[in-house]
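Just so we're clear, the structure is a prediction, and the values are computed from it rather than from any experiment. Positions are given from 1 along the sequence.
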Amino acid sequence: MLDWKTMYKFILIPYLLAWAALVGCGEKPLTEEDRQDITQTLRDYLPVLATGYTSGNLESLKEFAAEREVARVFTRVSELADEGKFVEPTFREMTVENIQVWSHANAFVTTLEVWDLRVYANGSQSLLGQELDQSNRVKYQLKRRGPKWEVLLRELDEAIQ
């Protein structure tokens with residue numbers, strides 16, 4: 001039978017380790033270097049995303065985005081093609097509203113983005129619709145991969161009229 005001191009160690013040590021892990025994994029102060037790197041990653045990614053939607057070739061997204069994000073874009077491009085459409089987005093501008101960094105390796109970002117969107121019938125230049133100067137609030141999850149940040153998820157939060 002274990003004495004109370006031994007039992008105390010078995011209970012206390014795992015509790016302290018769990019507490020230390022939680023404290024160490026919390027939100028970290030955002031460094032200016034991370035702010036600049038994250039912002040530049042998104043500024044580089046968005047024109048490439050637009051080109052991917054227009055061309056259907058998503059290979060260049062892999063430089064900036066994780067496999068699951070590329071797969072999500074592929075699914076959306078495929079859905080549009082199944083509807084007999086393709087979209088031609090033009091990235092205009094982005095304002096970073098908020099960045100939170102967790103454990104120096106994960107970032108959650110909210111942006112305000114302005115796009116021109118034109119929708120065409122597949123195989124033609126027949127314009128089906130357009131939305132110019134469309135403002136959207138967009139949420140991102142990014143992961144640090146070595147010295148670079150990678151887009152894990154891009155999700156439209158709300159369209160702003």
Could you state whether Leu49 and Leu112 fall into the same hydrophobic cluster, counting links through intermediate Ile, Leu, Val, Met, Phe, Trp or Tyr residues with side-chain heavy atoms under 4.5 angstrom apart?
-> no
Heavy atoms of Ala107 and Trp149 approach each other most closely as CB-CZ3, 3.7 Å
Is the count of non-hydrogen atoms from other residues, nucleotides or ligands lying under 6.0 Å from Glu67 atom CD greater than 12?
-> no
Take Thr39 and Met94 through the side-chain contact (heavy atoms from CB on, under 4.5 Å) test and state the conclusion after the steps.
-> CA-CA 9 Å; Thr39 300; Met94 176 193 73; 4.1 Å; yes
Just wondering, do Val101 and Phe108 contact through their side chains at under 4.5 Å, heavy atoms?
-> no
Neighbour count >12 (heavy atoms, 6.0 Å) for atom CD, Glu33 = no
So, Asp34 and Arg144, do they make that salt bridge, N to O below 4.0 Å?
-> yes
Tell me yes or no: between the side chains of Glu113 and Thr111, is some donor less than 3.5 Å from an acceptor?
-> yes
Ignoring hydrogens and angles, tell me if any N or O in the side chain of Thr51 forms a donor-acceptor pair with the backbone of Pro47 under 3.5 Å.
-> yes
Where Ala50 and Pro89 come nearest, the two heavy atoms and their spacing | CB-O, 3.4 Å
Answer yes if Leu128 and Leu80 sit in the same cluster of Ile, Leu, Val, Met, Phe, Trp and Tyr residues linked by side chain heavy atoms under 4.5 Å apart, and no otherwise.
-> yes
Taking Glu150 as the fixed residue, which of Lys62, Lys143, Arg145 is the one that meets the side-chain hydrogen bond (donor to acceptor under 3.5 Å, both in side chains) rule?
-> Arg145
Yes or no on side-chain contact (heavy atoms from CB on, under 4.5 Å) for Lys148 and Glu63, after CA distance, side-chain angles and deciding distance?
-> CA-CA 10 Å; Lys148 294 174 54 176; Glu63 180 181 345; 4.1 Å; yes
Identify whether the distance between the nearest side-chain nitrogen and carboxylate oxygen of Glu69 and Arg154 falls below 4.0 Å.
-> no
Cluster check Phe64, Val109: I/L/V/M/F/W/Y, side chain < 4.5 angstrom = yes
Is there a donor-acceptor contact under 3.5 Å from the side chain of Asp116 to the main chain of Thr90?
-> no
Check step by step if side-chain contact (heavy atoms from CB on, under 4.5 Å) holds for Leu42 and Tyr140.
-> CA-CA 9 Å; Leu42 295 177; Tyr140 291 88; 3.6 Å; yes
Do Tyr53 and Val151 belong together in a cluster built from hydrophobic side chains that touch within less than 4.5 Å?
-> yes
Residue pair Leu152, Arg68: steps toward the side-chain contact (heavy atoms from CB on, under 4.5 Å) verdict | CA-CA 7 Å; Leu152 294 179; Arg68 69 179 176 179; 3.5 Å; yes
Locate the shortest heavy-atom distance separating Gly56 from Val77; write the atom from each residue and the value.
-> CA-CG1, 4.3 Å
Donor-acceptor under 3.5 Å (Asn136 side chain, Val138 main chain) | no
Cluster check Leu127, Leu117: I/L/V/M/F/W/Y, side chain < 4.5 angstrom = no
Ignoring hydrogens and geometry, is there a side-chain-to-backbone donor-acceptor pair from Ser55 to Asn57 under 3.5 Å?
-> yes
Could I get the full list of ring-ring contact (aromatic ring centres under 6.0 Å, His included) partners for Phe91, not counting sequence neighbours?
-> Trp115
